[in-house]
Structure formats: C-alpha cells, structure tokens
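A short worksheet on the structure shown next.
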Amino acid sequence: MSSPSRRTLLRALPLLPFAGLLLGASDAQAVHYAALLCNRCGFGNKKNNCARCGKWIGSSRIAARLCSTHGFGNKKNNCAVCGKWVGSSRQIAFLCNGCGFGNKKNNCVICGKWAP
C-alpha cells in the first residue's frame, strides 16, 4: 500500500472540515478586558479617581484592565471598585500615574495578575 503524496494531501486539505481554518490561521493575540465603573463609582468627580488606590488621576488617562478571570462572562459587567453590577453605565475605570506607571498598567485592577 502506497502512501499518498504531499500534493494529494494538500489538494484534499480544503475538503476536510476545519482544515481550511488551519491554513488561514493567524498569530495568536492576547486580549484584555476594560475595567468599568458602576453609576455610583463613575458619577461626578469619583470617575477621576484611580480604580486601584482611589487617588485623583490628574491628567493621566491610563485605562484599567481586567485579567481573564475577572473579565470573563458576567464578571466583566461588575464595577472594578465596589464589585456591583455596572448596568447600562459604560464608564471606563482609569489608573493614576503611580498605579499605571511602567508595566503595572498591564496588571488586573482587582487581583494584580498580568492582564494582556
């Protein structure tokens, strides 16, 4: 019994289910989730406070991130500061210069793990 040639396999590959996905696969990309604030934590001048330490953010607009544990499913709809449901409020949480300096801005605002 002879084995099929490489050319024969390459011709039959698009006919197999999901095989076309393997040929067109691109590089894997890390995804991060934006940390949100509820109506109470994102109202007025409270939205200008750091989501991690509570200090005033000033002119820095470093968006707070969530790791895959805290940003997955319905957990991503919880406030990054108090943990309550965000609802229709889509206010993004920000970090101050101290909490967002260097590679600290890539950490989860809740647990501190790396959030790609």
Side-chain angles (χ1 to χ4, degrees):
M1 183 165 48
S2 68
S3 62
S5 67
R6 182 175 179 204
R7 182 174 292 184
T8 307
L9 285 176
L10 288 176
R11 281 188 196 151
L13 196 59
L15 301 176
L16 298 174
F18 303 113
L21 294 175
L22 295 175
L23 289 177
S26 61
D27 295 335
Q29 296 180 357
V31 177
H32 68 273
Y33 304 93
L36 300 176
L37 298 174
C38 65
N39 283 331
R40 191 187 68 170
C41 296
F43 181 72
N45 61 357
K46 291 183 194 176
K47 66 182 174 187
N48 293 326
N49 293 340
C50 178
R52 185 172 291 158
C53 68
K55 294 180 182 175
W56 182 57
I57 62 171
S59 62
S60 69
R61 303 293 285 179
I62 304 165
R65 294 181 174 187
L66 296 174
C67 65
S68 58
T69 303
H70 292 103
F72 181 73
N74 60 357
K75 292 182 194 175
K76 66 182 174 186
N77 294 326
N78 292 341
C79 180
V81 176
C82 68
K84 293 182 180 177
W85 183 56
V86 172
S88 62
S89 171
R90 303 309 285 176
Q91 180 68 40
I92 297 174
F94 291 102
L95 299 173
C96 67
N97 283 329
C99 295
F101 182 73
N103 61 357
K104 289 194 283 185
K105 66 183 174 190
N106 296 331
N107 294 339
C108 177
V109 73
I110 297 173
C111 66
K113 292 181 186 175
W114 181 62

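Without hydrogens or angle criteria, Ser89 side chain to Val86 main chain gives no donor-acceptor distance under 3.5 Å.
Rounded to the nearest 0.5 Å, atoms SG (Cys41) and CD (Gln91) are 10.5 Å apart. Atom SG in Cys79 sits 8.5 Å away from atom CD1 in Ile110 (nearest 0.5 Å). Separation of atoms SG (Cys82) and CG (Leu37) is listed at 8.5 Å; rounding is to 0.5 Å. The line from CH2 of Trp85 to CG of Asn74 is 11.0 Å long, rounded to the nearest 0.5 Å.
Closest non-hydrogen pair, Asn48 versus Trp56, comes out as O-CD1, 3.4 Å. Here the closest heavy-atom approach between residue His70 and residue Cys108 is recorded as ND1-SG, 3.7 Å. Contact record, Tyr33 with Ser68: CE1-CA, 3.8 Å, taken as the closest heavy-atom pair. The shortest non-hydrogen separation linking Ala63 to Ile92 is CB-CG2, 4.3 Å.
Counting heavy atoms from C-beta on, the side chains of Val109 and Leu66 come closer than 4.5 Å. Side-chain contact check for Asn107 versus Trp114: some heavy-atom pair is nearer than 4.5 Å.
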Next on the checklist: Quick one, Leu95 with Lys104, criterion side-chain contact (heavy atoms from CB on, under 4.5 Å). Give me CA distance, side-chain angles, the key distance, then yes/no.
Outcome noted: CA-CA 10 Å; Leu95 299 173; Lys104 289 194 283 185; over 6 Å; no
Next on the checklist: Determine whether Asn49 and Ile57 satisfy the following criterion, side-chain contact (heavy atoms from CB on, under 4.5 Å), listing intermediate values before the conclusion.
Outcome noted: CA-CA 5 Å; Asn49 293 340; Ile57 62 171; 5.8 Å; no
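Within a 6.0 Å sphere centred on NZ of Lys113, other residues, nucleotides and ligands contribute 12 heavy atoms or fewer.
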